[in-house]
Each structure stands twice: as C-alpha cells, then as structure tokens.
Asks: 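Below is a structure I'd like to ask you about.
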There are 2 protein chains.
Amino acid sequence: MLDALDRKIVAALERDARVSFGELAEAVGLSKTPCWKRVKALEDAGVIRGYSTRIDPAAIGFGIEAFIQVSIDFEVSDAFEAAVKKHPLIRRCYATTGEADYLLQIVTVDMRALDRMLREELSRLPGVRRTVTSMAMREIKGDISFAEAAAHALR
Amino acid sequence: MLDALDRKIVAALERDARVSFGELAEAVGLSKTPCWKRVKALEDAGVIRGYSTRIDPAAIGFGIEAFIQVSIDFEVSDAFEAAVKKHPLIRRCYATTGEADYLLQIVTVDMRALDRMLREELSRLPGVRRTVTSMAMREIKGDISFAEAAAHALR
DNA sequence: CCTGAAATTATCTTAAC
DNA sequence: GTTAAGATAATTTCAGG
C-alpha cells in the first residue's frame with residue numbers, strides 16, 4: 001500500500017513527469033536518495049506504468065473526437081479486440097456493461113474522415129452489429145491525478 | 001504543421017516522456033541540439049502540453065471505473081462544469097452530442113463507493129436531471145500515440 | 001528507513017561554427 | 001544543421017542516525 005509520501009511523489013510525477021529528482025525530493029520533503037528509491041519501487045511494483053507526453057489533438061491535426069458504443073457478436077470478440085488494438089485512430093476502448101458491449105473513443109481529422117471511419121472501417125471490424133456515435137463537442141476535463149483522487153477517496 | 005521528424009519526436013516522447021535527449025536524438029536521426037530545439041518549439045507551439053505519468057488505477061486502490069452519461073439543465077451548465085472540474089473522482093468529462101449532454105468517466109474504490117458517488121455526489125451536482133451509468137469491465141486499449149495516429153490519418 | 005556528502009557518470013543547455 | 005564545452009543533474013556508494 002502507498003503511504004502519504006508515495007502519493008505525494010505520484011502526484012508530483014503526474015503533474016510533471018520530467019521533474020528532476022532534486023526538485024521532486026524537495027517537493028515531497030525527502031532527500032534525493034530515498035526519493036529515488038521510492039520512485040524505483042513504485043515502478044517495480046507497477047504503480048507507475050510509464051511516463052508519457054500530453055499532446056494537443058487539435059494541434060497535431062485531429063479536429064474531431066467521438067465516442068462510439070459498439071455492440072458485437074461475442075463469438076468473434078477476440079478478433080474484434082485485436083483489430084481495435086491495431087487501429088491507430090481508436091484512442092481508447094473499454095468493455096462495458098449496459099446496452100452496448102464496448103465504448104470506443106476515436107479521433108479523426110474532420111467530419112469527412114469520421115464518416116469514412118464509421119462506414120468503411122469501424123462497421124467492418126470483426127463481429128460489429130451496431131454502433132451508436134456521439135461527438136465530443138468540448139473537453140471539460142482531461143485526466144485527473146490518481147494520487148489526488150486516492151487522497152480524496154481514502155480520507 | 002509538423003514534419004516527419006516532429007512526428008517521430010512526438011511518438012518517442014509519447015512512448016517514454018523521460019527519454020534523454022541523447023537517446024531521443026539517436027532514435028529520430030538527429031543530433032542533440034536540433035532535437036532539443038524541436039522539442040522546445042513543440043512545447044511553445046502547444047503541441048506538447050506537458051509530461052505525465054501513467055498510473056495503474058488498481059494499484060493505487062481504484063477497483064471500479066465507470067462511464068456516466070449525464071443530462072443537465074443547461075441554465076446551470078457553468079456551475080455543473082465547475083463542479084465536475086473540482087471533483088477528484090471524475091477523471092474525464094466531455095460535452096457530447098446525442099441523448100445525454102455530458103459523458104463522464106469516474107473511478108471509485110469499490111461498488112459501495114460507486115453507489116455513494118452516484119447517489120450522494122453526482123446526482124447533487126448543479127442541474128443534474130438524469131444519469132445513465134455503464135461500468136467499465138475491462139480496458140482493451142489505453143491511450144494511443146497521436147503521432148502514430150497522425151501518420152496514419154495523413155497517409 | 002531516513003540524512004548527508006562525495007564521486008562518477010550522464011545529460012542539459014548555450015555558444016560558436 | 002554540427003561539434004564542442006561548461007553547467008546541471010542522475011546515480012551509486014558510504015558513513016551515520
């Protein structure tokens with residue numbers, strides 16, 4: 001289990017993954033050595049999965065984000081999931097409860113590309129029976145800090 | 001607009017935000033200085049929004065992930081959105097087209113906490129009229145590389 | 001399990017070309 | 001774009017609380 005110092009470390013790394021160990025140690029109130037050891041331990045324990053870069057989808061050319069609820073034929077779920085993992089425009093995919101079997105989040109350059117994506121690519125993935133598309137008009141909130149969420153949940 | 005080298009840089013940074021400039025330069029086939037300059041330019045242009053850490057929600061104590069479609073009274077949309085931004089357990093929020101007005105992704109420790117979250121917190125946010133909850137049973141795909149998506153979309 | 005310091009190695013950042 | 005060099009930071013090790 002993570003203690004309060006670990007959570008402070010994780011929160012700081014979620015805010016800025018490129019912070020130096022010197023700054024990180026100062027921010028959490030430790031000296032460099034134990035701070036470094038805790039980060040390594042968090043990596044080894046799988047709490048920290050890796051370090052990534054936040055990209056602005058619009059700045060790189062993606063004007064459209066959409067959510068798609070997908071119902072499939074479960075006999076080919078493995079093939080469907082493999083195809084989802086391979087498709088570059090599918091950002092995220094969850095198996096969900098409810099009316100649909102999966103929830104997908106996709107990006108496309110524009111509406112024309114979204115239309116092509118839906119008609120020519122998504123509908124042809126293995127086992128797809130029905131799709132319901134909802135456009136993301138605006139992002140209100142991006143990713144949260146899990147460490148801060150944990151501090152709230154465990155209060 | 002980003003050229004092929006910029007996209008390679010972004011792809012490498014999305015894979016590992018803590019890669020050294022030496023390794024990054026070698027990976028994209030540049031020497032360190034121009035590589036460093038391109039990264040700074042990408043940061044200044046807002047293409048790179050920041051560097052973050054991927055955390056395993058389960059490892060930090062969140063056993064439940066859920067999607068919630070929320071319909072609200074638009075007269076208080078500003079207050080609703082402000083409350084959403086402040087709530088630590090709401091990971092993501094998009095304003096969407098379709099039956100509901102917003103799509104939220106939340107995390108909770110367990111089912112009991114999800115029940116409390118829905119009944120005592122979400123339903124009391126400003127203007128909330130109706131919620132439809134769908135559990136995320138399994139994550140098929142996490143975040144993609146936008147740089148690789150762009151390479152696909154612009155082919 | 002922490003601090004602090006010292007030594008080594010690697011990396012960052014700037015400046016000159 | 002390159003190469004080069006001084007400033008900074010990462011990492012390991014060790015003595016000690």
Side-chain angles (χ1 to χ4, degrees), chain A residues 1-56 59-61 143 145-155, chain B residues 1-56 58-62 143 145-148 150-151 154:
Chain A
M1 197 50 203
L2 275 61
D3 66 13
L5 280 173
D6 287 327
R7 282 204 297 273
K8 281 178 97 170
I9 289 172
V10 170
L13 286 174
E14 286 183 298
R15 251 192 311 281
D16 178 12
R18 299 194 74 157
V19 65
S20 76
F21 280 101
E23 287 176 276
L24 183 61
E26 193 181 6
V28 304
L30 275 177
S31 60
K32 274 161 38 173
T33 309
C35 184
W36 182 85
K37 281 183 180 169
R38 277 168 182 266
V39 172
K40 291 298 156 197
L42 289 165
E43 289 174 353
D44 291 343
V47 176
I48 293 174
R49 284 179 165 165
Y51 304 95
S52 192
T53 299
R54 289 191 294 268
I55 299 298
D56 181 356
I60 205 169
D143 265 298
S145 159
F146 277 115
E148 284 170 27
H152 175 267
L154 308 172
R155 79 191 180 286
Chain B
M1 195 51 203
L2 276 61
D3 66 12
L5 280 172
D6 288 327
R7 282 204 298 274
K8 281 178 98 169
I9 288 172
V10 169
L13 286 174
E14 285 184 297
R15 249 191 313 280
D16 178 13
R18 299 194 76 157
V19 66
S20 74
F21 279 102
E23 288 175 274
L24 183 60
E26 193 180 5
V28 304
L30 275 178
S31 60
K32 275 162 31 178
T33 308
C35 184
W36 181 84
K37 281 182 180 169
R38 278 168 180 263
V39 171
K40 291 298 158 199
L42 289 165
E43 288 174 353
D44 291 343
V47 176
I48 293 174
R49 284 179 165 166
Y51 304 94
S52 192
T53 299
R54 288 190 294 268
I55 300 298
D56 180 358
I60 206 169
F62 291 113
D143 265 297
S145 159
F146 277 116
E148 284 170 27
L154 309 173

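So that the names make sense, note that chain A is the first sequence line, chain B the second, and so on, each numbered from 1.
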Asks: Taking the side chain as everything from C-beta on, heavy atoms only, tell me whether Leu30(B) gets closer than 4.5 Å to Lys8(B).
Replies: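 Counting from C-beta outward, Leu30(B) and Lys8(B) never come under 4.5 Å.
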Asks: Remember a base hit wins even if backbone is also touched, and classify Arg38(A) as base, sugar-phosphate or nothing at under 4.0 Å, heavy atoms.
Replies: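 It contacts sugar-phosphate atoms only.
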Asks: Rounded off to whole Å, could you give me the NZ-to-P distance for the Lys37(A) and dG4(C) pair?
Replies: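 Taking NZ of Lys37(A) and P of dG4(C), I get 15 Å after rounding.
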Asks: Rounding to an integer number of Å, can you tell me how far Leu24(B) CG sits from dT11(C) C1'?
Replies: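 One finds 13 Å between C1' of dT11(C) and CG of Leu24(B), rounded.
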Asks: What's the CZ-C1' distance between Arg18(A) and dC12(C), to the nearest Å?
Replies: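 For the pair Arg18(A) CZ and dC12(C) C1', the rounded distance is 10 Å.
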Asks: Can you measure Leu5(A) atom CG to dC1(C) atom P for me and round it to whole angstrom units?
Replies: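 Computing the Leu5(A):CG to dC1(C):P distance gives 13 Å.
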Asks: Determine: side-chain N/O of Trp36(B) to OP1/OP2 of dT13(C), distance under 4.0 Å, yes or no.
Replies: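 Checking dT13(C) against Trp36(B), a side-chain N or O does come within under 4.0 Å of OP1 or OP2.
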Asks: With a 4.0 Å cut-off on heavy atoms, is Lys32(A) in touch with a base, just the backbone sugar-phosphate, or nothing at all?
Replies: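 Base, at least one base atom sits under 4.0 Å.
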Asks: Atom CZ of Phe21(A) to atom P of dT12(D): distance rounded to whole Å?
Replies: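 After rounding, the reported distance stands at 10 Å.
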Asks: Could you work out which one of dA9(D), dC2(C), dT13(C) sits closest to the side chain of Ser20(A)?
Replies: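 The answer is dA9(D).
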Asks: Could you tell me if the side chain of Glu26(B) sits less than 4.5 Å from the side chain of Val19(B), heavy atoms only?
Replies: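 With C-beta onward as the side chain, the pair stays apart.
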Asks: Does Asp3(A) have any side-chain contact (heavy atoms from CB on, under 4.5 Å) partners at least two apart in sequence or in another chain, and if so, which?
Replies: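 Partners of Asp3(A) under the side-chain contact (heavy atoms from CB on, under 4.5 Å) test: Leu5(A), Asp6(A), Arg38(A).
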Asks: Kindly write out the residues that satisfy side-chain hydrogen bond (donor to acceptor under 3.5 Å, both in side chains) with Asp56(A), not counting sequence neighbours, or none if the list is empty.
Replies: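 Arg49(B).
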Asks: Specify the separation, in whole Å, of atom CD of Glu26(A) and atom P of dC2(C).
Replies: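 My rounded result for the distance is 18 Å.
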Asks: Return the nearest nucleotide to the side chain of Pro34(B); candidates are dT2(D), dT11(D), dC12(C).
Replies: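 Output: dT2(D).
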Asks: Give a yes or no on whether a donor-acceptor pair under 3.5 Å exists between the nucleobase atoms of dT14(C), that is its base, and the side chain of Thr33(B).
Replies: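 Pair found.
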